[in-house]
Each structure stands twice: as C-alpha cells, then as structure tokens.
Asks: 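Okay, handing you the structure first.
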Amino acid sequence: MPRLPATSRINLPPGPEAASLARDFVAIAGAARGASAAVDVLRLAASELVGNAIRHAGGARSISCEVVDGVVVVEVVDDGAPFALSVDPPEDDDECSGRGLFLVWALGCGLGSGPVRGGGKWVRAEIVPEPPGPGAALAAPFVVARL
C-alpha cells in the first residue's frame with residue numbers, strides 16, 4: 001500500500017475562495033492521516049488562519065497539513081510581516097471580528113508564528129485529534145521561530 005507523504009501542501013489562490021479550498025484540503029488531508037475525529041477543528045483552524053492572512057497580509061501563499069507524534073499541524077504561509085500572536089478576545093462584546101485565534105486556542109489548539117526565509121511568515125495551529133478528558137487544561141499558546 002502506498003504511503004502518504006509526511007506533509008501535504010497546496011498553493012492557495014488569491015481572494016476569499018482560498019478559505020473554502022483550505023477547509024476542504026485540511027479535512028481531506030487530516031482524515032487521510034487518521035485524524036477524522038478532528039476534522040471540524042481542522043476546518044475551523046484553516047478557515048481562521050487563511051482568513052487572517054487574507055485580511056492582514058493580502059492573502060495566503062499556501063497551507064500544509066501533517067501529523068507529527070499524533071498532533072495535526074496546520075500551517076499557513078503568507079507575505080505578511082512576522083508578529084506576536086494574541087489570543088485575547090476583543091474587549092468590546094459588540095465587535096464583529098477579532099475572535100478567530102481565540103476560538104482556535106479555546107478548542108485546545110497550540111498556536112505559533114514565525115518568519116519565512118526570504119520574506120513573509122508562517123502561522124500554525126497544532127491540533128490533538130483526541131479531545132482532552134474532563135478537567136484537562138487547554139493548551140497554552142506558544143510562539144516558536146523557524147529560521
């Protein structure tokens with residue numbers, strides 16, 4: 001039986017259709033790697049990461065999905081400048097945006113961001129396919145750098 005490559009990656013088109021393509025991609029790639037239980041969270045994470053790239057960096061270059069030690073890693077690369085991630089929800093409850101990374105983090109995903117050699121940045125979500133048991137602490141956000 002043929003083995004899947006360790007990482008699946010696709011380039012994304014410019015514009016809002018990239019988010020829909022990214023959601024479908026991570027659902028298929030995650031399920032093919034044994035993470036069917038996490039497909040809804042994978043789709044949400046992909047949608048939020050790509051949506052942020054569209055809104056703040058003019059679009060996403062690519063999205064990748066891989067499983068490392070039982071953790072599904074979804075990574076989006078864009079042309080924006082690296083930044084420190086924030087998972088704080090907006091202070092104004094009536095604000096219509098600014099909750100995406102908070103929602104992904106609240107579902108137990110680790111988050112990271114760093115520079116891409118040659119320009120741009122990557123932002124990733126790490127998803128554990130099995131939900132944490134009762135009373136388990138949520139994953140703390142993290143920031144790592146890849147040179």
Side-chain angles (χ1 to χ4, degrees), residues 3-132 138-147:
R3 289 181 46 111
L4 289 172
T7 302
S8 291
R9 179 182 321 276
I10 60 169
N11 293 326
L12 293 169
E17 66 275 8
S20 175
L21 180 61
R23 285 190 298 271
D24 292 344
F25 167 75
V26 296
I28 292 166
R33 286 165 175 75
S36 297
V39 164
D40 290 338
V41 176
L42 293 172
R43 291 175 61 85
L44 173 67
S47 190
E48 292 301 333
L49 296 180
V50 170
N52 282 349
I54 292 168
R55 182 174 183 166
H56 302 292
R61 282 191 224 163
S62 65
I63 186 168
S64 62
C65 182
E66 67 180 324
V67 177
V68 179
D69 296 328
V71 176
V72 184
V73 179
V74 174
E75 183 175 280
V76 171
V77 174
D78 65 43
D79 291 322
F83 65 98
L85 293 176
S86 170
V87 296
D88 297 326
E91 292 182 18
D92 182 354
D93 289 340
D94 294 329
E95 184 65 41
C96 293
S97 65
R99 291 175 178 77
L101 290 179
F102 172 77
L103 291 173
V104 173
W105 173 79
L107 288 170
C109 302
L111 295 169
S113 175
V116 172
R117 186 176 296 153
K121 72 174 174 304
W122 55 265
V123 180
R124 75 170 53 131
E126 295 189 354
I127 299 106
V128 178
E130 296 300 318
L138 292 177
F142 63 92
V143 178
V144 295
R146 177 174 55 186
L147 302 175

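Below, each value reflects all heavy atoms present in this structure, side chains not excepted, and no hydrogens, waters or symmetry copies.
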Asks: How long is the straight-line distance from CZ of R23 back to CD1 of I63, given to the nearest 0.5 Å?
Replies: 10.5 Å
Asks: What distance do R124 atom CZ and L85 atom CG have between them, rounded to the nearest 0.5 Å?
Replies: 11.0 Å
Asks: Please round to the nearest 0.5 Å and tell me the distance separating atom CG of L101 and atom CG of N52.
Replies: 5.0 Å
Asks: Between R55 (side chain only) and G51 (backbone N and O only), is there a donor and an acceptor less than 3.5 Å apart?
Replies: no
Asks: With heavy-atom distances below 4.5 Å as the criterion, would you say the side chains of L111 and E126 are in contact?
Replies: no
Asks: Rounded to the nearest 0.5 Å, what's the gap from CG on L42 to CZ on F25? Could you check?
Replies: 10.5 Å
Asks: For V104 and A45, which heavy atoms make the closest approach, and how far apart are they?
Replies: CG2-CA, 3.9 Å
Asks: For A31 versus V39, what's the shortest heavy-atom pair and its separation?
Replies: CB-CG2, 4.3 Å
Asks: C65 and V72: which non-hydrogen atoms are nearest, and at how many Å?
Replies: SG-CG1, 3.8 Å
Asks: Closest heavy-atom contact between I54 and G15?
Replies: CD1-O, 3.4 Å
Asks: Using 0.5 Å steps for rounding, measure from the CD atom of E75 to the NZ atom of K121.
Replies: 12.0 Å
Asks: What are the two closest heavy atoms between D78 and G59, and how far apart are they?
Replies: CB-O, 3.2 Å
Asks: How far does CZ of R61 sit from CG of L12, to the nearest 0.5 angstrom?
Replies: 11.5 Å
